[in-house]
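Since the structure comes first, as structure tokens, the remarks are kept for the end.
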Amino acid sequence: DLNGSGADEITFDVTGNLGTESITVNVAAAKANTQVLTDAINAVAADTGVFASGSGAGGDLTLTSTRVGTSGTTATLN
């Protein structure tokens with residue numbers, strides 16, 4: 001669970017087959033809509049090779065690698 005409210009922010013490192021980038025999101029906004037985290041991850045997708053999908057309050061967030069086949073991975077956070 002994300003802890004925080006109001007103006008609190010949390011920073012994540014997104015690591016994929018292309019590299020690592022840090023993203024920062026507002027905790028309250030991310031709790032209200034998974035799309036906030038999805039958009040932040042996708043904003044660095046060209047640098048990390050990780051793409052996200054998902055939206056809605058408490059919605060699942062699916063992470064997908066740009067690699068295909070057995071080298072690719074998919075993870076769902078809920």
Measuring from atom CG of Asn26 to atom CG of Asp8, what distance do you get when rounded to the nearest 0.5 angstrom? 7.5 Å
With heavy-atom distances below 4.5 Å as the criterion, would you say the side chains of Phe12 and Ile41 are in contact? no
Sequence neighbours left out, what pairs pass side-chain hydrogen bond (donor to acceptor under 3.5 Å, both in side chains) with at least one residue falling in residues 35-44? Gln35-Asp39
Result block: side-chain N/O donor-acceptor pairs under 3.5 angstrom for residues 47-59, not counting sequence neighbours:
residue	atom	partner	partner atom	Å
Thr48	OG1	Val44	O	3.3
Thr48	OG1	Val50	N	3.1

Does one hydrophobic cluster hold both Leu18 and Val14, with members joined at side-chain heavy-atom distances below 4.5 Å? no
Between CG of Leu37 and CG of Leu63, what distance do you get to the nearest 0.5 Å? 8.0 Å
Return the set of residues passing side-chain hydrogen bond (donor to acceptor under 3.5 Å, both in side chains) with Asn33 (not counting sequence neighbours), or none when no residue passes. none
